[in-house]
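Heads up, the thing below is written out as structure tokens.
Letters A, B, ... mirror the listed sequences (proteins, then strands); counts begin at 1. What you see is a predicted model, and the numbers here were worked out from it, not measured in a lab.
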Number of protein chains: 2
Amino acid sequence: MSNNLQLEKQLCFRLYSLNKLMCRLYAPLLKELALTYPQYLVMMVLWQYRQGISVKDLGGQLDLDSGTLSPLLKRMEKQALIKRERQTKDERIVLIKLTQAGIDLQQSAEHIPAKMFAVTGLSAEKLQALNLTLDQLIENIAN
Amino acid sequence: MSNNLQLEKQLCFRLYSLNKLMCRLYAPLLKELALTYPQYLVMMVLWQYRQGISVKDLGGQLDLDSGTLSPLLKRMEKQALIKRERQTKDERIVLIKLTQAGIDLQQSAEHIPAKMFAVTGLSAEKLQALNLTLDQLIENIAN
DNA sequence: CACTATTTGATTGCGTACAACTCAATTGGG
DNA sequence: CCCAATTGAGTTGTACGCAATCAAATAGTG
């Protein structure tokens, strides 16, 4: 026995499965906002950085590179949720800012966190404990 | 205050980030085997189901549909890791079986779980506790 | 037995992820 | 001041993940 190559034993498979399950639960809620989950993550960052944020710093927040963000932001610009402004001081930098439609969308998203919390079926204490464990794990892994 | 739309508060963002981090840690190990992480998952199932498994049952194990598995399996067939055999009793069913090369690859993968466990920096007890918590969460969510 | 509903797998199209690369703008060392 | 190195964003190519759709085969029903 002692076969370590089993799905049931693997932490990573649980994380992989849970991430997919979560995205599927978000999908119907986000569909009302015409957002995908990664686009929703971008919006959450932008709702905090009202003055705008560079593509690089946005990638720093979400741990995504320009290869992912550039086409994603292009789609969001086409939806008129964001606008791009190239800096004059340093023309390499593109500042991402919300449009009024993007700002307004926050109202429609306010209810989502509570709904997602509900489906987890966890108590607030268990959720916080899990968050702390995962933060520690991220810390350990990310060096 | 009390803005719930913050990345730092979101369990799902942790799962999303951790899943990506884990895949990046697997990548160099799996590159030696010329496998991606989802392909590695398929191999783990096949190493258990030595007599072969249908595409549907494989999808049941991994929670993936044929839209993902069909092209993925086609690539693995091209690498000569697996072969497809359409059943004679029920011609709708395609049985996925390992080739000898696929069977042999298990030896080269034996060291991976221990290496991945090492990078988590978790004790065996903490790992098991986390696995149990995640299993409960999956149970709650999957209905 | 004929007809319909279901099952199984494949295909298409879209949206991520990410490695590898290009390119322009900026910076820093001599 | 000049040139090499760095930085920031974008492009290309490959591989998922999944919704929607389709075709073939089987099972079920009257």
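- At a threshold of 4.0 angstrom between heavy atoms, the contacts of Ser66(A) include nucleobase atoms, whether or not backbone atoms are also involved.
- In this entry the distance linking CD of Glu85(B) with P of dG9(C) reads 14 Å, nearest Å.
- Under 4.0 angstrom from either OP1 or OP2 of dG17(D) there lies at least one side-chain N or O belonging to Tyr16(A).
- The nearest whole Å value for the distance from the CD atom in Glu77(B) to the P atom in dG9(C) is 14 Å.
- For dT16(C), the OP1/OP2 oxygens have a side-chain nitrogen or oxygen of Arg75(A) closer than 4.0 Å.
- Using a 4.0 Å cut-off, some side-chain N or O of Gln39(A) falls inside it from OP1 or OP2 of dT16(C).
- Nearer to the 5' terminus of DNA chain D, by closest-nucleotide assignment, is the contact made by Asp57(A) (compared with the other of Tyr37(B) and Asp57(A)).
- The nearest whole Å value for the distance from the CZ atom in Arg86(B) to the C1' atom in dG9(C) is 7 Å.
- Closest to the side chain of Thr68(A), out of dT16(C), dA10(C), dC16(D), is dT16(C).
- With dA20(D), dA19(C), dG9(C) as the candidates, the nucleotide lying closest to the side chain of Lys56(B) is dG9(C).
- Sequence order on DNA chain D of the closest nucleotides to Pro71(A) and Asp90(A) puts Asp90(A) first from the 5' end.
- Using a 3.5 Å distance cut-off with no hydrogens or angles, the side chains of Gln61(A) and Tyr49(A) do pair a donor with an acceptor.
- Listed pair Lys20(A) / dG17(D) fails the phosphate criterion, with no side-chain N or O lying under 4.0 Å from OP1 or OP2.
- Remark: P of dT27(C) and CD of Gln87(A) are 13 Å apart, rounded to the nearest angstrom.
- A sub-4.0 Å separation between OP1 or OP2 of dA10(C) and a side-chain N or O of Arg84(B) is present.
- For the pair Lys89(B) NZ and dT26(D) P, the computed distance is 12 Å after rounding to whole Å.
- Between Asp63(B) and Arg24(A), at least one side-chain N (NZ, or NE/NH1/NH2) sits under 4.0 Å from a carboxylate O, which counts as a salt bridge.
- Along DNA chain C, the nucleotide closest to Asn19(A) and the one closest to Thr88(A) are compared, and the more 5′ of them pairs with Asn19(A).
- Side-chain atoms of Gln100(A) do not come within 3.5 Å of backbone N or O of Leu81(A) as any donor-acceptor pair.
- The nucleotide whose nearest atom lies closest to any side-chain atom of Thr36(B) is, among dA15(D), dC18(D), dA10(C), dA15(D).
- Salt bridge annotation for Arg84(A)-Glu77(A): present, with a cationic side-chain nitrogen under 4.0 angstrom from a carboxylate oxygen.
- Rounded to an integer number of Å, the gap from Asp65(B) CG to dT21(D) C1' is 12 Å.
- The environment of CD in Glu8(A) is crowded: more than 12 heavy-atom neighbours from other residues, nucleotides or ligands sit within 6.0 Å.
- For the OP1/OP2 pair of dT11(C) and a distance below 4.0 Å, the side-chain nitrogens and oxygens of Lys74(B) include at least one atom meeting the criterion.
- Whole-Å rounding puts the Leu64(A) CG to dG10(D) P distance at 14 Å.
- For dA10(C), the OP1/OP2 oxygens have a side-chain nitrogen or oxygen of Ser70(B) closer than 4.0 Å.
- Side-chain nitrogen and oxygen atoms of Ser54(B) include none within less than 4.0 Å of the OP1 or OP2 phosphate oxygen of dT8(C).
- Hydrophobic clustering places Phe13(A) together with Val45(B) (ILVMFWY residues linked when any side-chain heavy atoms are closer than 4.5 Å, directly or through intermediates).
- Looking at the side chain of Pro38(B), the nearest of the listed nucleotides dG17(D), dC18(D), dG9(C) is dG17(D).
- In the set dA24(C), dA25(D), dT16(C), the nucleotide with an atom closest to the side chain of Arg92(A) is dA24(C).
- Atoms CD (Glu91(B)) and C1' (dT8(C)) sit 12 Å apart, rounded to a whole Å.
- When heavy atoms are screened at a 4.0 angstrom cut-off, Leu69(B) is found touching no nucleic acid atom at all.
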